[in-house]
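These notes are about the structure you will find just below.
In what follows, every heavy atom counts, from backbone to side chain, and hydrogens, waters and symmetry copies are set aside. Labels below follow one simple rule: chain letters A, B, ... track the order of the sequence lines, proteins then strands, and each chain is numbered from 1.
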Amino acid sequence: MRLYDTMTGEKQEFTPSGDEVTMYVCGVTPYAATHVGHALSYVYFDVLRRYLEHRGHRVRHVENFTDIDDKIIERARAEGITIEELTSRHIQDYFQVMDALNVKRAYVYPRATQEIPQMLEIISTLVERGYAYPAEGDVYFRVQKEPDYGKLSHRTLEGMVAGVRVEGGTLKEHPLDFALWKRTKPGEPSWKSPWGEGRPGWHIECSAMALRYLGNTVDIHGGGQDLIFPHHENEIAQAEAYTGVKPFVRVWLHNGLLHLGEEKMSKSLGNLVTVKDALASHPPDALRLAFLLSHYRSPLTYTDEGIVGAERALERLVNALRGDGEGRADGGVDVHLYRERFLAAMDDDLNTPQALASLFDLAREINRHRERGVAVGEAQGALREMAGVLGLSLEEQARPEQKDAYPFVDLLVETRSRLRADRKWELADDLRSRLEELGVLLEDTPSGTLWRFKSLP
RNA sequence: GGCGACGUGGCCAAGUGGUCUAAGGCGGAGCUCUGCAAAAGCUCUAUUCGGCGGUUCGAAUCCGCCCGUCGCCUCCA
């Protein structure tokens, strides 16, 4: 398949270097609730993983938690709790909503605070080799020592110095040098190091974890576009300087950012919608579909209308799977055609909008054939399978509390069927509209009345 | 200021030199089916791709300029 690599700026043929695909995805800094921007990113990488697996690859997928940084310390202090309490709460939230969104779990979720020895080992080596220097308990990476610094984000040191804010009283040799290790401040969590008590800088944990769990060269490394600089640029510098192996990463993948209004959604701007809130009013499949309806590299604006539109679109797919699929064997759907279109789209830099277009066309074809009494079981199976590659369950998703109402709704529907049999249309129609007001949709079909819960507003 | 991305129908969104008078979704209109609805199906809903020039036999797709929006350069998926 072809993937767009941020480093080269073009799509290139991707083949794993070994038996399995190694994939590192930058995880969250767990100091606030998981928001829908995170959801978008992890859904896309989940689809990539599912697709690679669908293509027969094993995927060794690692995702970190950066559970120590300024914001975490700040927030924990503000809330009067320990950083462990804060981060474990948000990590729990993260898993809960990602599970709800049907995002497959990674094989490992290393946490920065548990990888300190690896980081110290890297930092020490960098210092020994002259790639880093200690300064009053801090350790900085010497960007001028790395000639290709800026290769990922396509910047030059000169170009960046122009726009950089020069901090007063800095210990840095160069304004773009970045901290690998920060000396401790009173009241902050810290670890012992050759340079005194301190804690890791922001970028080092990802290099350390990727190298430890995936080796010196990782097939795929991904994250949001906002991580390209400085985070990923710095990861490359550290990792390549430490291992001497280039490239650290074979393909860099970055998803477009989710906007709310005119700006990107972010924790620091505070303009966010949490995944929990989104899932309170929309089914997980709808959220997922809303993301996949746009290409992963494009920015997308989060709107309620957008999700509602996806919800309707989802119903189309779900409805196409109704029935037992049986019928005349002749003149069935040419499933092969749709599979080919799906694969071709996915092979082309994970073009999910186009892949979905083939699924919608397939759904229409299924409905058309089914209406004529032709067997559509195979086509339905294919639709379900391809949707599964996109992580869409296509199940009617009732909430647990709704399940309790099943027998009662069944009873009402049955009663209404009797009224209809007696041609008591007025009563039957009234019952139907009253049920709709309560969130239950009825459909009378030749084979009986179907009902389902309306997804909540 | 530097670097980068983007601007396609009412809305969302693919397409990046000819098969494009432009996929798909949502919305809207009409029809079919239905006791009525719903679902589904059919038909219609951009001769046009921010604007202006240029390259080419041919451009939404390449080049230049302009206008507009966004991102990164500070924490961020």
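- Only A:Ala357, A:Phe360, A:Asp361, A:Arg364, listed by number, bring a heavy atom of residues 357-365 of chain A to less than 4.0 angstrom from any atom of RNA chain B.
- Atom CD of A:Glu426 sits in a sparse spot, with 12 or fewer heavy atoms from other residues, nucleotides or ligands closer than 6.0 Å.
- In this structure, A:Leu289 places its CG atom 10 Å from P of B:C26, rounding to the nearest Å.
- The side chain of A:Arg341 has B:A23 as its nearest neighbour among B:A14, B:G35, B:A23.
- Between B:G50 and B:U34, the distance separating the two P atoms is 46 Å to the nearest Å.
- The main-chain N or O of A:Gln354 is found under 3.5 Å from a side-chain atom of A:Asn351 such that the two form a donor-acceptor pair.
- A distance of 4.0 Å separates CD1 in A:Ile83 from CD1 in A:Ile68, rounded to the nearest 0.5 Å.
- Relative to the ring axis of A:Tyr107, A:Arg49 places its NZ or CZ within 45° and under 6.0 Å from the centre.
- B:U56 sits 16 Å from B:C63 when the P atoms are compared, rounded to a whole Å.
- Note: NE2 (A:His90) to P (B:A77) measures 13 Å, nearest angstrom.
- Atom C1' of B:A13 sits at a distance of 13 Å from the matching atom of B:G7, rounded to the whole Å.
- For the P atoms, the distance linking B:U16 with B:U61 amounts to 12 Å, nearest Å.
- Looking at heavy-atom distances under 4.0 Å, A:Thr445 makes no contact with the nucleic acid at all.
- Rounded to whole Å, the distance from CZ on A:Arg370 to C1' on B:C33 is 14 Å.
- Whole-Å rounding puts the A:Arg418 CZ to B:G35 P distance at 21 Å.
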Inset, instruction - For salt bridge (charged side-chain N to carboxylate O under 4.0 Å, His left out), just list the numbers for A:Arg250 and A:Asp5, CA-CA rounded to whole Å, side-chain angles, deciding distance to a tenth of an Å, and then say yes or no. - result: CA-CA 8 Å; A:Arg250 297 176 62 228; A:Asp5 174 35; over 6 Å; no
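- Per the geometry, CD belonging to A:Glu437 stands 16 Å off P belonging to B:A38, to the nearest Å.
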Donor-acceptor contacts, no H, no angles, side chain residues 70-79 of chain A, under 3.5 Å, sequence neighbours left out:
{"unit_1": "A:Asp70", "atom_1": "OD1", "unit_2": "A:Arg199", "atom_2": "NH1", "d": "3.3"}
{"unit_1": "A:Asp70", "atom_1": "OD1", "unit_2": "A:Arg199", "atom_2": "NH2", "d": "2.6"}
{"unit_1": "A:Glu79", "atom_1": "OE1", "unit_2": "A:Arg89", "atom_2": "NH1", "d": "3.1"}

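- Figure legend: cation-pi geometry between A:Arg60 and A:Tyr213 absent, as NZ or CZ is not positioned both under 6.0 Å from the six-membered ring centre and within 45° of its axis.
- Using a 4.0 Å heavy-atom criterion, one finds that A:Arg316 contacts the sugar-phosphate atoms exclusively.
- Nearer to the 5' terminus of RNA chain B, by closest-nucleotide assignment, is the contact made by A:Glu436 (compared with the other of A:Glu436 and A:Phe229).
- Under the side chain to side chain donor-acceptor pair (under 3.5 Å) criterion, the residue pairs touching residues 378-391 of chain A are A:Arg339-A:Glu385, with sequence neighbours excluded.
- Under 3.5 Å, the side chain of A:Arg312 and the base of B:G25 form no donor-acceptor pair of N or O atoms.
- Less than 4.0 Å separates RNA chain B from at least one heavy atom of each of the following residues of residues 256-267 of chain A: A:Leu257, A:Leu258, A:His259, A:Glu262, A:Glu263, A:Lys264, A:Met265, A:Ser266, A:Lys267.
- Comparing the same atom, C1', in B:G15 and in B:G53 gives a spacing of 25 Å after rounding to whole Å.
- Here A:Asn319 lies in heavy-atom contact (under 4.0 Å) with sugar-phosphate atoms only.
- For A:Arg368 against B:C42, no side-chain N or O and base N or O form a donor-acceptor pair under 3.5 Å.
- B:G17 and B:A22 have their C1' atoms separated by 15 Å, given to the nearest Å.
- Look at CG on A:Leu450: it is 17 Å from P on B:U34, rounded to the nearest Å.
- Partners of A:Ala239 according to the side-chain contact (heavy atoms from CB on, under 4.5 Å) rule, which considers only residues two or more places apart in sequence or in another chain, are A:Ser207, A:Leu211, A:Phe248.
- The side chain to side chain donor-acceptor pair (under 3.5 Å) check on A:Asp347 picks up A:Tyr51, A:Arg55, with sequence neighbours excluded.
- As judged by a 4.0 angstrom heavy-atom cut-off over every strand, A:Phe45 is placed among residues making no nucleic acid contact.
- Ring planes of A:Phe453 and A:Trp451: perpendicular class, angle over 60° (limits at 30 and 60°).
- Partners of A:His231 under the ring pair (Phe, Tyr, Trp, His ring centres under 6.0 Å) rule, at least two apart in sequence or in another chain, are A:Trp202, A:His203.
- Out of B:C72, B:A40, B:A39, the shortest distance to the side chain of A:Asp226 is found at B:C72.
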What's touching nucleotides 2-12 of chain B from the protein side, N or O pairs under 3.5 Å?
{"unit_1": "B:C3", "atom_1": "O2'", "unit_2": "A:His154", "atom_2": "O", "d": "3.2"}

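- Separating the C1' atom of B:A60 from that of B:U19 is a span of 16 Å, rounded to the nearest Å.
- A:His38 pairs by the ring pair (Phe, Tyr, Trp, His ring centres under 6.0 Å) definition with A:His35, not counting sequence neighbours.
- The side-chain contact (heavy atoms from CB on, under 4.5 Å) test applied to A:Ala357 returns A:Arg341, not counting sequence neighbours.
- Residue contacts shown for A:Asn351 are limited to sugar-phosphate atoms, with no base heavy atom under 4.0 Å away.
- Between the side chain of A:Asp69 and the base of B:C75, no donor-acceptor pair of N or O atoms lies under 3.5 Å.
- The shortest distance between the side-chain N/O atoms of A:Thr449 and the OP1/OP2 oxygens of B:A37 is not below 4.0 Å.
- When heavy atoms are screened at a 4.0 angstrom cut-off, A:Leu269 is found touching no nucleic acid atom at all.
- Residue contacts for A:His254: at a heavy-atom cut-off of 4.0 Å it reaches no nucleic acid atom on any strand shown.
- Here A:Glu371 pairs with nothing under the side-chain contact (heavy atoms from CB on, under 4.5 Å) rule; sequence neighbours left out.
- Around CD of A:Glu173, the count of heavy atoms belonging to other residues, nucleotides or ligands within 6.0 Å exceeds 12.
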Inset, instruction - Represent RNA chain B in dot-bracket notation, 5' to 3'. Only Watson-Crick or G-U wobble pairs with both distances under 3.5 Å count; pseudoknot-style crossings use [ ] and interstrand partners use |. - result: ((((((((.[[[..)..(.....]]]((((((.......))))))....[[[[[..)....]]]]])))))))....
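- Base engagement by A:Asn255 is indicated by at least one non-hydrogen atom pair under 4.0 Å involving a base atom.
- A:Gly27 comes within 4.0 angstrom of the backbone, heavy atoms only, and of no base.
- A:Gly306 comes within 4.0 angstrom of nothing in the nucleic acid, heavy atoms only.
- Close placement of the A:Phe65 and A:Phe95 rings is indicated, their centers lying within 6.0 Å of each other.
- Heavy-atom nearest nucleotides on RNA chain B were determined for A:Tyr296 and for A:Leu442, and the one closer to the 5' end corresponds to A:Tyr296.
- Residue A:Thr303 is classed as having no contact, given no heavy-atom separation below 4.0 Å to the nucleic acid.
- Here, B:G51 and B:C44 have their C1' atoms 31 Å apart, quoted to the whole Å.
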